[in-house]
Amino acid sequence: MAENTEEKKESINFIHQIIEEDNKTGKFAGKVHTRFPPEPNGYLHIGHAKSICLNFGTAKKYNGLCNLRFDDTNPTKESDEYVNSIMEDVKWLGFDWEDRRYHASDYFDQLYEYAQQLIKKGKAYVDSLSSEDFAKNYKGTPTKAGKNSPFRDRSVEENLDLFDRMRKGEFPDGAHVVRAKIDMAHPNMHMRDPSMYRIKHAHHHRTGDKWHIYPMYDFAHGLSDSIEGITHSLCTLEFEVHRPLYDWFIDELGVYHPQQIEFARLNLNYTVMSKRKLLELVEEGYVDGWNDPRLPTISGLRRRGYTPSSIRTFADRIGVAKRDNIIDVGLLEWSVREDLNKIAPRKMGVLRPLKLIITNYPEDKEELMDATNNPEDPDGGTRKVPFSREIYIEQSDFMEDPPKKFFRMGPGREVRLKYAYIIECVDFKKDPATGEILEVYCTYDPLTKSGEDQTGKKVKSTLSWVSAKHAYRTEVRLYDRLFNVEDPSDVEEGEDWKKNINPGSLEIIEAAALEPSLAQAKAGVGYQFERQGYFTVDTKYSTPDKLVFNRTVTLKDDWAKIQQAGN
RNA sequence: UGACCGAUGGUGUAACGGUAGCACAACAGAUUUUGGUUCUGUUUGUCAAGGUUCGAAUCCUUGUCGGUCAACCA
C-alpha cells in the first residue's frame, strides 16, 4: 500500500495535542472528561459558545463525557433564572449533558470537610482581619512581599471552633474568613494566604438557608473538578496564575488531580463581551433586553436568526490557542451565510418599495409565476408567485441617471423581472420638490416570459419584485453593528464607552412589501429575501396577524463595494 | 524594579529541526434569471539581534512589544 495517498493530516489544536499525548501515555487511562462551568449570574454570550463547543466538542471527539456544572458559590449574585437560560442556550447550541448537571453547591458539605482537613493539617486558619485591613496592610503588592496576619498562628482547636461557629451563623458578615496558610511573600499574589470561606448570611437559590458561609471560587472550583473526576479542565488564560493554588489545595488534600489547560478567550470586534458592560446596556435601556438581536449573547444571536450550526462552525473556524486574539465579526457573519445559503427557502421581498407600472399589461390580468424555492437544493421544489400590472421594486434598483457600472433599471433600460418578463423603462414620475422618484413606467415583452423565452434577448440585470396588490405589507427590522468602532472599550480616561454606540444599529421599516407566502412564515426558519439577505420571524414582537421580520445578515454585496470604491 | 503567559500575511490558525500551509478578508477573471452561490487565479507573513546546526518559525541567549495577576467576585 502506498502510504502517502493524500492522507491530509488533520491540524489539531494544542489542547487536543495534549489529550492525545495523555492518551498515549495513559495518564488518565485513556479517559477524557471535561466540563462547562458557568456561574449562573448572567446570560451566555458568543465567548461562552467557544468554551461550550470546545468542552463538549472535545469530549465527543475523544469518546468522553462533558458535564454541565454551575459554579454557584456566590448566592447574592446568582439565580435560577440564569440557570435556566444557560441550560436553554447550551441545549439550543446542540449539546447534551445527559444526567450530568451539577452544581458546586452540591459539594458544599464535602468542601466544608476539605477545609476542616486543611485546618487540622495546619494549612488553613481563621483570620479576623477586615478585608480592607488585610488588603491594605498585609497583602503587599506584586513587587512587594506581604506580611503575616496576627491571627495566622491560632491553634488548630481554636480555628476549628471558630470555623464551626462561622458555619452555625454566630458571626456577622465579614467578621472572619478562612485562609489557606501558604506564603505571604509568594511572588504569585494568589498564593498569599488566599481566602477559602467567607461569612455570608444569604439565601442560596439551591441550598436555601442551610449555610451562613460560602466557599470562594478559587477553593471550590478546582476541587469540584477533582470531585467530578474531570481529566482536562479547560479554562481561559486569566486563570493560569490560579492554577498553582488549585494544585496546592489538591495536593495538600491528596485528592484526585485533574489537569488544567488554559486557552485564550474569544474577543470580537465592534461589540462588547464583558458581563458588566452587557448588563449596563440592558439595564440602562440601550438595547431591548438580553436577547436584543444586536447583542453577542446566545439568546440575541438566536433571535437575530443565527443557527446553532453556524455558531458551531464559527467556533471551529476561529480555532483554539493561547495568544490574544480579536476575531473579525465578519467571520461570524460568513458562518451564518454559509449555513443559511444551503438551507434557507428563497422569497422575494422589497424593503423600500418603489411602484412600477407595466403600462401594456392588462389592468385586471394576474399570473402565477413559477419560482424556485432554493437553487442550492435540487429537491427544494417550486412555488407560485402572483404577478400583475403594478409591482414594487426596490428603490435602489432604479436610478434616474445611472452610471455605467449600474446594471439595474433606468430610463430606456431593459431588465428582467425574476421569474417573469423582460421590461423596458419608458418613463418615470418624480416629485419636483424633493427629487424623489414616485413611480416608474415600463412596457413588457410577452415573448420573454421565464421558461418560455425564445427571443434570446439578453439583459444585464434581474430584479426581484412583489405584486403590489398581493404584497404582504409588514414590519422588517434591519440591524447593523452596535458600535461604530472596532474596540468600543478603548476610550479616553473619563469618557463613557457607550459614546461608541452606533445610533443607526436598528432601523425599523414599517411596511416592507413581501411575497404573500411570507404571511405564513414560521418562527425559527431563516428565509432568504433574494438579493437582500437572510431574515427570520422575530419572536418578541410578532403577532399572528402581523409578523415582524429580523434581518439576520445581508447577502454579500459586490455592487455596494463598487459604489464605495467610486466614492 | 515581581510572577506567569504570549508574539507567523489585514484577521484568525497550522507547520513539533527539512519546500511557511489552510480559512476569512482583499483583488482579478469565469459561470449565473439573486451584483448571491459556485469555480479559477493573484497579492500579503515567521517581533528584533546574536548563537547552536549542513539546515531554525521551531532549540538557546538577550532585548522589544502585548496580555494576565494585588475582591470576604467568578
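Every chain is numbered from 1, with letters handed out A, B, ... down the list of sequences. Computed from a predicted model, the values in this text were never measured in an experiment.
A donor N or O paired with an acceptor N or O is found under 3.5 Å between the base of B:rU34 and the side-chain atoms of A:R346. For A:Q17 against B:rC16, a side-chain N or O and a base N or O form a donor-acceptor pair under 3.5 Å. Judged by distance alone, with hydrogens and angles left aside, A:T143 brings no side-chain donor or acceptor close enough to the base of B:rU1 to form a pair under 3.5 Å. Counting atom types as modelled, A:Q528 pairs a side-chain N or O with a base atom of B:rU34 as donor and acceptor under 3.5 Å. A donor N or O paired with an acceptor N or O is not found under 3.5 Å between the base of B:rU34 and the side-chain atoms of A:R531.
Counting only N and O atoms by type, the side chains of A:Y527 and A:E515 include no donor and acceptor under 3.5 Å apart. Between the side chains of A:Y43 and A:E81, at least one donor-acceptor pair of N or O atoms lies under 3.5 Å. Side chains of A:S128 and A:R154: a donor on one and an acceptor on the other come within 3.5 Å.
As judged by a 4.0 angstrom heavy-atom cut-off over every strand, A:F406 is placed among the base-contacting residues. Contacts of A:K342 with the nucleic acid, taken as non-hydrogen atoms under 4.0 Å apart, are absent. Residue contacts for A:H186: at a heavy-atom cut-off of 4.0 Å it reaches no nucleic acid atom on any strand shown. Heavy atoms of A:L463 sit nowhere under 4.0 angstrom from any nucleic acid atom. Note on A:T141: a base of the nucleic acid sits closer than 4.0 angstrom, heavy atoms only. Nucleic acid contact for A:G174: base, since at least one base atom lies under 4.0 Å from a heavy atom of the residue. Note on A:K418: a base of the nucleic acid sits closer than 4.0 angstrom, heavy atoms only. Residue contacts for A:F239: at a heavy-atom cut-off of 4.0 Å it reaches a base atom on one of the strands shown. Residue contacts for A:L129: at a heavy-atom cut-off of 4.0 Å it reaches a base atom on one of the strands shown. A:Y419 comes within 4.0 angstrom of a nucleotide base, judged by non-hydrogen atoms across all strands. Base engagement by A:L555 is indicated by at least one non-hydrogen atom pair under 4.0 Å involving a base atom. Note on A:V459: nothing from the nucleic acid sits closer than 4.0 angstrom, heavy atoms only. Contacts of A:G533 with the nucleic acid, taken as non-hydrogen atoms under 4.0 Å apart, are absent. Counting any heavy atom pair closer than 4.0 Å across all strands shown, A:N13 reaches sugar-phosphate atoms only and no base atom.
Between A:K139 atom NZ and B:rC69 atom P the separation is 13 Å, expressed in whole Å. Remark: P of B:rA71 and CZ of A:F219 are 20 Å apart, rounded to the nearest angstrom. The separation between A:I15 atom CD1 and B:rU13 atom P is 12 Å, rounded to whole Å. Remark: C1' of B:rA71 and CZ of A:R198 are 10 Å apart, rounded to the nearest angstrom. Computed from coordinates, the A:K460 NZ to B:rU32 P distance equals 15 Å when rounded to whole Å. Note: CD (A:E486) to C1' (B:rG10) measures 10 Å, nearest angstrom. Look at NE2 on A:H242: it is 14 Å from P on B:rC73, rounded to the nearest Å. Rounded to a whole Å, the CH2 atom of A:W334 is 16 Å from the P atom of B:rU13.
A salt bridge links A:K418 to A:E530: one of the charged nitrogens lies within less than 4.0 Å of a carboxylate oxygen. For the pair A:R531 and A:E394, the salt-bridge criterion is not met [side-chain N within less than 4.0 Å of a carboxylate O]. A salt bridge between A:R265 and A:E238 is present, with a side-chain N of the basic residue lying under 4.0 Å from a carboxylate O of the acidic one.
In this structure, the nucleotide among B:rG35, B:rA25, B:rG12 sitting nearest to the side chain of A:R408 is B:rG35. Out of B:rC4, B:rG36, B:rA70, the shortest distance to the side chain of A:P375 is found at B:rG36. With B:rG36, B:rC73, B:rG35 as the choices, the nucleotide that has an atom nearest any side-chain atom of A:E376 turns out to be B:rG36. With B:rA14, B:rG35, B:rC73 as the choices, the nucleotide that has an atom nearest any side-chain atom of A:I562 turns out to be B:rG35. Side-chain proximity of A:M216 to B:rC5, B:rA14, B:rC72: nearest is B:rC72. Comparing B:rA70, B:rU37, B:rU13 by their closest approach to the side chain of A:R323 singles out B:rU13. The side chain of A:P142 has B:rG2 as its nearest neighbour among B:rC72, B:rU11, B:rG2. Here B:rC72 is the nucleotide among B:rC24, B:rC72, B:rG12 with the atom lying nearest to any side-chain atom of A:V177. With B:rA3, B:rA26, B:rA74 as the choices, the nucleotide that has an atom nearest any side-chain atom of A:P187 turns out to be B:rA3. Comparing B:rU34, B:rA26, B:rA14 against the side chain of A:K561 picks out B:rA26 as the nearest.
When the C1' atom is compared between B:rG67 and B:rU31, the two are found 47 Å apart, to the nearest whole Å. As rounded to the nearest Å, B:rC22 and B:rG63 have P atoms that lie 37 Å from one another.
Not less than 6.0 angstrom separates the ring centroid of A:Y125 from the ring centroid of A:F151. Taking the ring centroids of A:F406 and A:W559, they lie under the 6.0 Å cut-off. Between A:Y421 and A:F387, the distance from one ring center to the other falls under 6.0 angstrom. Aromatic ring centres of A:Y246 and A:F239: separated by at least 6.0 Å.
At the phosphate of B:rA74, OP1 or OP2 sits under 4.0 Å from a side-chain N or O atom of A:T73. Side-chain nitrogen and oxygen atoms of A:K200 include at least one within less than 4.0 Å of the OP1 or OP2 phosphate oxygen of B:rC73. In this model, the phosphate group of B:rA14 is not approached by any side-chain N or O of A:S11 to a distance below 4.0 Å at OP1 or OP2. A close approach under 4.0 Å does occur between a side-chain nitrogen or oxygen of A:K556 and OP1 or OP2 of B:rU37. Phosphate proximity of B:rC69 to A:R192: absent, as no side-chain N or O sits under 4.0 Å from OP1 or OP2. Contact between the side-chain N/O atoms of A:R69 and the OP1/OP2 oxygens of B:rA74 is not found at any separation under 4.0 Å.
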| field | Dot-bracket encoding per residue of RNA chain B, Watson-Crick/G-U cut-off under 3.5 Å, | denoting interstrand | value | .((((((..((((....[..)))).(((((.......)))))....(((((..]....))))))))))).....
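Summary of the strand contacts: A:S450 and A:V241 both lie near RNA chain B, and taking for each the nucleotide with the nearest heavy atom, the more 5' one is attributed to A:S450. If you find the closest nucleotide of RNA chain B to A:A135 and to A:F407, the one lying nearer the 5' end belongs to A:F407.
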| said: Apply ring-ring contact (aromatic ring centres under 6.0 Å, His included) to residues A:F549 and A:F529 and explain how you reach the verdict. | reply: CA-CA 11 Å; A:F549 287 87; A:F529 294 2; 5.8 Å; yes
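Using a 4.5 Å cut-off on side-chain heavy atoms (C-beta onward), A:E170 and A:L162 make no contact.
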